[in-house]
Protein chains: 2
Amino acid sequence: MKENLTQPIQDYLKHIYALSEAGTPATTTDLAARLGVAPASVTGMIQRLAGLQPPLVTYRKHQGALLTPAGKRAALEVIRHHRLLETYLVTMLGFSWDEVHEEACRLEHVISETFEERIASALGNPTHDPHGDPIPSAALEMPTDESTPLLGLRPPHSAVIMRVQATDPPFLRHLNNLGLIPGARVQALAFSPFDQNLQVRVNEGEAQIIGAAISAKIYVEEKG
Amino acid sequence: MKENLTQPIQDYLKHIYALSEAGTPATTTDLAARLGVAPASVTGMIQRLAGLQPPLVTYRKHQGALLTPAGKRAALEVIRHHRLLETYLVTMLGFSWDEVHEEACRLEHVISETFEERIASALGNPTHDPHGDPIPSAALEMPTDESTPLLGLRPPHSAVIMRVQATDPPFLRHLNNLGLIPGARVQALAFSPFDQNLQVRVNEGEAQIIGAAISAKIYVEEKG
DNA sequence: ACACTAATTTAGTCTAACCTAAATTATAAA
DNA sequence: TTTATAATTTAGGTTAGACTAAATTAGTGT
Ligand SMILES: [Mn+2]
Ligand SMILES: [Mn+2]
Ligand SMILES: [Mn+2]
Ligand SMILES: [Mn+2]
């Protein structure tokens with residue numbers, strides 16, 4: 001139960017969580033790509049995490065890694081820090097939503113539980129961050145998320161953007177320019193099955209066409 | 001001019017700055033004590049810092065270390081982070097002055113220049129932190145400090161507390177209980193040369209006697 | 001000038017986290 | 001079923017930053 005996890009370990013756990021959330025183990029290669037690290041380094045770290053007392057991941061050779069309860073708890077703690085920090089930076093310090101990921105990714109490993117609690121209550125215990133990502137509660141319960149990719153929306157349905165799965169600052173700035181941010185209402189006007197282009201109207205604005213590389217990263221819920 | 005300094009290096013520089021501020025080189029032993037590290041580790045690190053391009057310290061065997069201009073700049077940058085963070089935690093997040101040192105000592109190494117600038121302007125570009133320590137400006141100029149130890153105040157002079165040189169939480173809580181905080185007015189009522197006890201009145205309160213272990217850590221300026 | 005002590009440095013290890021190159025294993029196609 | 005390709009693991013090596021124990025140096029008192 002001791003909390004001596006290093007920054008690299010916390011980042012591994014965070015990414016294993018994201019990759020294995022659907023139930024399928026996180027693979028060496030995917031982790032390596034996300035962490036910006038050589039696959040061999042991932043194998044080494046996974047074996048170490050599986051050998052800790054208590055183990056943070058379960059692992060069988062060539063089968064990828066899954067979090068143990070202890071590993072999941074540690075991952076959710078870091079994710080809570082990250083998302084609360086992003087929210088605080090945007091809400092209280094005037095950062096824009098494309099500036100906060102990097103900053104939060106460094107701060108998340110060093111803030112105390114006291115700091116976590118203070119910013120959470122300064123923000124009114126928010127449940128979602130500026131990108132619409134759910135923030136685990138203080139008890140580490142992850143809010144449920146029913147949203148689905150905008151890519152799947154078909155005319156004439158409309159929906160509300162709940163979440164944007166992106167960290168790349170230029171991409172986030174582009175989405176912002178298009179009005180494709182959480183809370184925006186999007187109506188599907190046309191879908192082209194061959195190139196997967198989707199024509200949409202955002203918040204009563206002009207019709208525009210967006211490719212799958214964009215619409216797959218935007219998550220919506222059909223409402224109204 | 002690259003900013004790849006690790007957290008341990010930044011902490012070394014910060015402590016070398018504090019120890020050599022008066023002009024005398026920082027000794028291996030003093031650094032080891034402050035950093036909570038073995039003397040041999042300090043020697044190794046100092047030699048490394050002196051060998052960097054550009055060098056961050058000058059060093060002659062057995063003579064201790066002094067900061068180079070580059071080293072001083074890096075140290076002041078960290079100190080500015082630390083003291084702005086302490087101020088922010090107290091002013092904006094409701095921390096008490098004994099809680100902030102540890103937190104700031106971790107955060108100081110990971111905040112961006114943007115973050116630094118945002119909290120500085122949210123605070124109105126303060127020049128002193130909650131303990132009265134001067135905060136280097138954005139241009140890394142250290143505000144001058146003319147204060148002297150309360151230990152040197154003699155009856156019937158009185159003075160204002162400018163600064164408290166302490167990081168130990170219980171000690172800081174004790175000072176707070178006695179009202180010995182920056183801004184408080186202190187009048188010397190009696191001094192006992194043998195035990196160095198000083199009898200003082202704080203802000204029109206009851207007379208009290210404080211030992212040298214306390215009065216040497218409190219810095220004052222005679223005013224009025 | 002000399003020797004003792006305290007401070008400092010050297011030498012030799014250790015661990016975490018990364019790397020590259022080579023070897024191995026799994027999976028999918030022929 | 002065999003084989004090719006891709007994924008993964010192993011082997012061997014590096015760097016930063018710490019440690020202990022041993023050797024050396026500086027400074028002080030005689
Ligand atoms: Mn991170
Ligand atoms: Mn986010
Ligand atoms: Mn620090
Ligand atoms: Mn301070």
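Below, chains carry the letters A, B, ... as their sequence lines are ordered, and counting in each starts from 1.
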_Plane angle bin for B:F115 and A:F95 - parallel if under 30°, tilted between 30 and 60°, otherwise perpendicular_ = tilted
_Pair B:H101-B:H82, ring pair (Phe, Tyr, Trp, His ring centres under 6.0 Å): steps then yes or no_ = CA-CA 8 Å; B:H101 180 79; B:H82 185 100; 4.8 Å; yes
*Identify the two heavy atoms, one from B:L19 and one from B:A26, that lie closest to each other, and give their separation to 0.1 Å.*
CB-CB, 3.6 Å
*Figure out the CG/P separation between A:L31 and D:dA7, and round it to whole Å.*
14 Å
*Applying salt bridge (charged side-chain N to carboxylate O under 4.0 Å, His left out), which residue pairs with at least one partner in residues 165-174 of chain B are found, sequence neighbours left out?*
B:D98-B:R173
*Using side chain to side chain contact (heavy atoms under 4.5 Å, CB included) as the criterion, list what pairs up with B:N125, not counting sequence neighbours.*
B:A120
*Strictly below 4.0 Å, heavy-atom distances to any atom of DNA chain D: list the hits from residues 34-43 of chain A, or just say none.*
A:P39, A:A40, A:T43
*Nearest-angstrom distance from the residue atom NE2 of B:H62 to P of D:dA23*: 16 Å
*Provide, to the nearest angstrom, the distance between the CE atom belonging to B:M45 and the P atom belonging to D:dC19.*
11 Å
_For atom NE2 of B:H109 and atom C1' of D:dA16, their distance in whole Å_ = 16 Å
*Nearest whole angstrom, please: distance from the P of C:dA16 to the CG of A:L49.*
12 Å
*Spacing of A:I46 atom CD1 relative to C:dA16 atom C1', expressed in whole Å*: 16 Å
*Protein-nucleotide distance (A:L52, atom CG; C:dT15, atom C1'), rounded to Å*: 13 Å
*Check whether any side-chain nitrogen or oxygen of B:K61 sits under 4.0 Å from OP1 or OP2 of C:dT10, and answer yes or no.*
yes
_salt bridge (charged side-chain N to carboxylate O under 4.0 Å, His left out) partners of residues 16-42 of chain A, not counting sequence neighbours, each pair once_ = none
*Give me the residues of residues 11-20 of chain B where at least one heavy atom lies under 4.0 Å from an atom of DNA chain C, by number, or none.*
none
*Would you mind checking if A:E108 and A:R83 are paired as a salt bridge, meaning a charged N to carboxylate O distance below 4.0 Å?*
no
When the side chains of residues 138-145 of chain B are checked against the rest of the protein, which donor-acceptor pairs come out under 3.5 Å, sequence neighbours left out?
unit_1, atom_1, unit_2, atom_2, d
B:D145, OD1, B:S147, N, 2.9
B:D145, OD1, B:S147, OG, 2.7
B:D145, OD2, B:S147, OG, 3.4
B:D145, OD2, B:R163, NH1, 2.3

_Can you see if the side chain of A:T27 gets near the phosphate of D:dA7 - specifically, an N or O under 4.0 Å from OP1 or OP2?_
no
*Look at B:Q47 and C:dT10 and indicate whether a side-chain polar atom (N or O) is within less than 4.0 Å of OP1 or OP2.*
yes
_Between B:T24 (side chain only) and B:S20 (backbone N and O only), is there a donor and an acceptor less than 3.5 Å apart?_
no
*asked:* Expressed as a whole number of angstroms, how long is the span from A:Y59:OH to C:dT25:C1'?
replied: 12 Å
